[in-house]
Every structure is written in C-alpha cells, then in structure tokens.
Amino acid sequence: MTVDLSYTVEHNADILEWTCMTNSTGYLSWTDVIRNLNAFSKGEATTTYGEPDAEYITWKGDPITWNGGPLTWSGSNTASVPPSTEIFETIVDEWIESLSDRAQACGSKNAYPFDISKYGLSFRKCSSPAYQFQLLVSFNNHSRGNIGANEAPAHKLFEELSAAAAGQYLGDSKTSIAFGFPRSSFPKGFREAVNCLAELLGEGEACRDRQGLQEAKDDKLDVVAWKEFPDRKASKLILFGQCAIGQHWSRKVNELQPEKWCKRNFIELPAVNPIPAFFVPRTLSERDAEEAGIDQILLDRCRISSLCSGLLDDQLEKRLWNWIRTTLLDNGQERTL
C-alpha cells in the first residue's frame with residue numbers, strides 16, 4: 001500500500017497507519033515516507049501544494065508531540081535539503097498533523113494504538129480493538145462480505161460497536177441495541193422488533209399497521225440507545241442512529257429522520273423526539289465532519305474508539321479481534337496482533 005498525492009489527507013493517514021501496523025517491525029519512519037514520495041514528480045506535488053519559497057530549508061523547532069501544540073521538526077535534523085524535498089516535507093507534515101489530531105481525539109493511549117515521534121510512527125498493542133477494526137473497515141471497505149466463516153459481516157459488527165459506543169455515551173452500555181437488519185439478538189421480523197423496542201423504551205406502545213410493513217427491515221434505523229430512569233417511565237433521552245461504512249457514506253448522512261420514523265412505526269410518539277446520530281468508522285475532514293454533524297450527533301472512528309476503550313463486552317471484543325486477524329490474513333499479513 002502506498003500513499004498517493006491524489007488521495008485525501010485522511011486516506012493517506014490511514015495508509016500510513018496500515019503500513020505501520022502491518023510492518024514486521026511495527027514502525028514507519030518519516031524519512032522513508034519522504035523517500036517514497038520522490039517517486040512522484042515535483043509537478044504532481046506543486047500542483048497541490050505550490051512551489052517552495054526558498055531554495056533550501058532546514059528542519060527546526062521542538063520535537064513532535066501528539067498531546068498538544070503545533071507539530072514541528074526536531075532541531076537535531078539540520079541537514080539542508082533540495083526544494084523538491086521541501087514540498088514533500090510539507091505534505092508529510094500535513095499527514096502527521098492529521099495523525100496527531102486522531103491521537104488527541106481518541107483521548108487515551110489504549111484507544112489509539114500508535115505513538116507519534118519526531119522520527120516516525122510506531123504501532124503498539126492495546127487492549128481495545130475498536131480503532132484497528134474501524135481502520136481496516138474503512139480502509140478495505142468490507143461493506144457486505146463475510147470475512148470469516150464464523151464471523152459476522154463487517155457492517156453488522158460495526159453496528160454492534162456503534163451501539164456499545166452510544167450506550168457508553170449516554171452512560172450505560174446495557175441500554176443500547178443494534179436494531180439494523182438482519183438482527184441477531186432481537187426479533188428478526190420488523191413488527192416484532194418494533195414491539196420489542198417499544199417495550200424496552202417504555203414508549204411508543206407498539207408497532208402501528210401501515211402499508212409496506214411486511215417488507216420493512218429496519219427503516220434505516222441501525223442503533224438505539226437511551227438514558228433510563230429508575231421509574232422506567234416515559235419522557236427520557238433517546239438516541240436513534242444510522243451507520244455507514246461504505247465509500248458513499250455521505251449519501252446516508254440525513255437519511256434517518258427519528259421523528260418521521262416514530263410517526264411511521266409507533267402507535268404513540270415518544271414524549272421527547274429521539275436525537276439523531278450518525279456513525280462512521282472513518283476520520284473525516286473538518287468540512288465533512290461539520291456537514292455530517294449538522295442537526296445530529298456525529299460519532300466517527302476516534303469518538304467511537306474513545307467511548308469503547310476498555311469497556312466492550314467480552315464477546316464483542318473477542319469477535320472484533322477475530323475479524324481483525326482474519327482480515328489481515330486475507331490481505332497477506334500474518335503478523336499477530
């Protein structure tokens with residue numbers, strides 16, 4: 001896997017993480033990254049990043065850190081470099097900044113399995129599989145296929161992971177479910193699933209009759225989570241979420257409208273309209289994140305990883321690790337994580 005100047009910053013950062021994680025040494029140096037960039041012409045680089053301002057530059061400043069402050073090169077690297085390399089350093093700086101943002105957004109070292117230094121990127125084992133799983137899902141885009149004979153498809157595992165994250169976000173992982181079709185631990189039929197959901201929520205009464213009910217699967221509802229009171233009565237915080245793992249995830253951003261979903265499928269409306277949420281296993285650009293987060297809660301790779309770090313159900317955690325290992329083997333990677 002190689003970086004490409006035509007890719008987005010976020011996708012190239014994914015490639016750096018993938019390369020580091022699958023490397024036998026678990027390490028990727030920035031020097032090697034810059035050296036590999038020389039395979040591109042200077043024209044390709046300047047088209048995107050412009051011409052350098054000086055004939056030669058030096059790297060200077062404090063060491064790179066991911067836990068605060070701007071990213072700068074160490075003062076020990078003072079060798080002059082030709083102008084084409086300056087362009088590539090600018091490109092790599094941007095990728096490193098994206099990686100640093102991810103580390104900060106994950107919130108803990110157990111959630112983000114990489115260390116960023118002034119010399120390179122290092123992979124380390126961590127107890128939570130959430131980040132690695134989402135990296136592989138978004139990078140390889142296993143949107144539908146079964147990865148292993150005994151494993152759920154990636155999109156179903158992501159729904160379960162998202163449900164766990166939503167539950168933790170509202171304070172209790174036991175008050176969240178993966179509602180997306182096909183359902184494994186919930187009634188498979190839509191009417192029965194809605195009836196069960198209404199009973200769990202203590203709102204909605206039951207599934208209402210309507211045209212097309214027999215053909216309904218989940219009506220675009222993948223995740224439900226709620227903040228329960230001891231009295232378990234109506235009028236509570238409820239979250240309705242949709243998951244999107246494919247390349248065309250942006251087309252789904254506003255597909256789920258919780259109030260309309262409730263009007264179509266519940267006999268009685270909840271006392272408070274559910275809050276919409278959107279789950280993606282990706283790290284989004286600032287612009288994409290702003291658009292995806294309008295009028296709904298956005299939970300991306302880093303937010304999901306931060307919420308699930310050390311808090312996953314044992315069975316789900318085991319299934320995620322098995323999926324990761326199987327996926328790496330399918331991609332010719334035999335390294336044991």
Please indicate whether Phe190 has more than 12 foreign heavy atoms, meaning atoms of other residues, nucleotides or ligands, lying under 6.0 Å from its CZ. yes
Compare every heavy atom of Phe278 with every heavy atom of Trp249, then report the nearest pair and how far apart it is. O-CZ, 3.6 Å
Between Asn265 and Arg210, does a side-chain contact (heavy atoms from CB on, under 4.5 Å) hold up when you go through it step by step? CA-CA 8 Å; Asn265 300 306; Arg210 64 174 176 85; 2.9 Å; yes
Does Gln296 use its side chain to pair, donor to acceptor, with the backbone of Ala292 at less than 3.5 Å? yes
Kindly indicate whether the side chain of Pro182, heavy atoms from C-beta on, has any atom under 4.5 Å from the side chain of Lys156. yes
Is Leu221 reachable from Leu201 through a run of hydrophobic residues whose side-chain heavy atoms are each under 4.5 Å from the next? yes
Determine whether Trp226 and Leu200 make a side-chain contact, defined as any pair of heavy atoms from C-beta on separated by less than 4.5 Å. yes
Atom CG of Asp231 with >12 non-hydrogen neighbours under 6.0 angstrom: yes
Take Arg208 and Glu268 through the side-chain contact (heavy atoms from CB on, under 4.5 Å) test and state the conclusion after the steps. CA-CA 9 Å; Arg208 65 184 293 266; Glu268 294 184 355; over 6 Å; no
Measure from the side-chain N and O atoms of Arg232 to the backbone N and O of Gly202, and report whether any donor-acceptor pair falls under 3.5 Å. no
Partner of Phe123 by ring-ring contact (aromatic ring centres under 6.0 Å, His included), out of Tyr131, Phe114, Tyr112: Phe114
Nearest 0.5 angstrom please: Glu228 CD to Ile238 CD1, how far? 9.0 Å
Ignoring hydrogens, what is the shortest heavy-atom contact between Ala166 and Ala225? Give both atom names and the distance. CB-CB, 3.7 Å
What is the distance from atom CG of Leu121 to atom CD1 of Ile96, rounded to the nearest 0.5 Å? 9.0 Å
Same cluster for Phe181 and Phe179 if Ile/Leu/Val/Met/Phe/Trp/Tyr side chains link at under 4.5 Å? no
Is the shortest heavy-atom distance from the side chain of Pro276 to the side chain of Leu256 under 4.5 Å? no
If you take all heavy atoms of Ser108 and Ser309, which pair is closest and at what distance? OG-OG, 3.8 Å
Side-chain donor/acceptor of Glu203 to backbone N/O of Ala271, under 3.5 Å: yes
Using a 3.5 Å distance criterion without hydrogens, assess whether the side chain of Arg183 forms a donor-acceptor pair with backbone atoms of Lys217. yes
So does Glu199 have more than 12 non-hydrogen atoms from other groups sitting under 6.0 Å from CD? no
Closest approach of Ala198 to Ala206 (non-hydrogen atoms, all atoms of both residues): CB-N, 4.0 Å
Check Asp14 with Arg102, please: is the shortest side-chain N to carboxylate O separation under 4.0 Å? yes
Measure from the side-chain N and O atoms of Arg319 to the backbone N and O of Gln315, and report whether any donor-acceptor pair falls under 3.5 Å. no
Lys220 side chain near Lys252 side chain, heavy-atom distance below 4.5 Å: no
Rounded to the nearest 0.5 Å, what separates atom CH2 in Trp323 from atom CG in Leu316? 13.0 Å
Is there a side-chain contact between Ser250 and Asp288 in this structure, where contact means two heavy atoms from C-beta onward sitting under 4.5 Å apart? no
Centroid separation under 6.0 Å, is that true for the rings of Phe266 and Trp261? yes
Take Val253 and Glu291 through the test side-chain contact (heavy atoms from CB on, under 4.5 Å) and record every step on the way to the result. CA-CA 9 Å; Val253 167; Glu291 293 182 358; over 6 Å; no
Are any of the side-chain heavy atoms of Arg282 and Glu10 separated by less than 4.5 Å? no
Under 4.0 Å between a Lys/Arg side-chain N and an Asp/Glu carboxylate O for Glu290 and Arg287? no
Hphob cluster co-occupancy, Phe133 + Val223, side-chain heavy atoms under 4.5 angstrom: yes
What's the spacing between Gln134 CD and Thr283 OG1 if we round to 0.5 Å? 10.0 Å
Note, Cys308 side chain near Leu161 side chain (heavy atom, < 4.5 Å): yes
Do Leu328 and Trp321 sit in the same hydrophobic cluster, where Ile, Leu, Val, Met, Phe, Trp and Tyr count as joined when their side-chain heavy atoms come under 4.5 Å apart? yes
Output for pair (Trp30 CH2, Trp95 CH2), nearest 0.5 Å, gives 10.0 Å
Sidechain-backbone polar pair: Glu317 side chain, Ser128 backbone, donor-acceptor under 3.5 Å: no
Between Ile275 and Pro258, which heavy-atom pair has the shortest distance, and what is it? C-CG, 4.4 Å
Tell me whether Asn23 contacts the main-chain N or O of Thr19 through its side chain, where contact means a donor paired with an acceptor under 3.5 Å. no
Output for pair (Arg325 CZ, Thr327 OG1), nearest 0.5 Å, gives 11.5 Å
Would you check if there is a donor-acceptor pair between the side chains of Asn110 and Ser127 at a distance under 3.5 Å? yes
I need the minimum non-hydrogen distance between Phe158 and Ala244, along with the two atoms involved. CE2-N, 4.4 Å
Pairwise side-chain contact, Ile91 with Ile34, heavy-atom cut-off 4.5 Å (strictly under): no
Please check if the side chain of Arg124 supplies one atom and the backbone of Lys109 the other of a donor-acceptor pair under 3.5 Å. yes
Between the side chain of Ser29 and the main-chain N/O of Gly120, is any donor-acceptor distance below 3.5 Å? no
Does Glu259 pair with Lys263 as a salt bridge, N-O distance under 4.0 Å? yes
Linking I/L/V/M/F/W/Y whenever their side-chain heavy atoms sit closer than 4.5 Å, directly or via other members, would Leu170 and Leu299 fall into one cluster? yes
Would you please test Leu320 and Glu160 for side-chain contact (heavy atoms from CB on, under 4.5 Å) and show each step? CA-CA 10 Å; Leu320 290 172; Glu160 293 186 45; over 6 Å; no
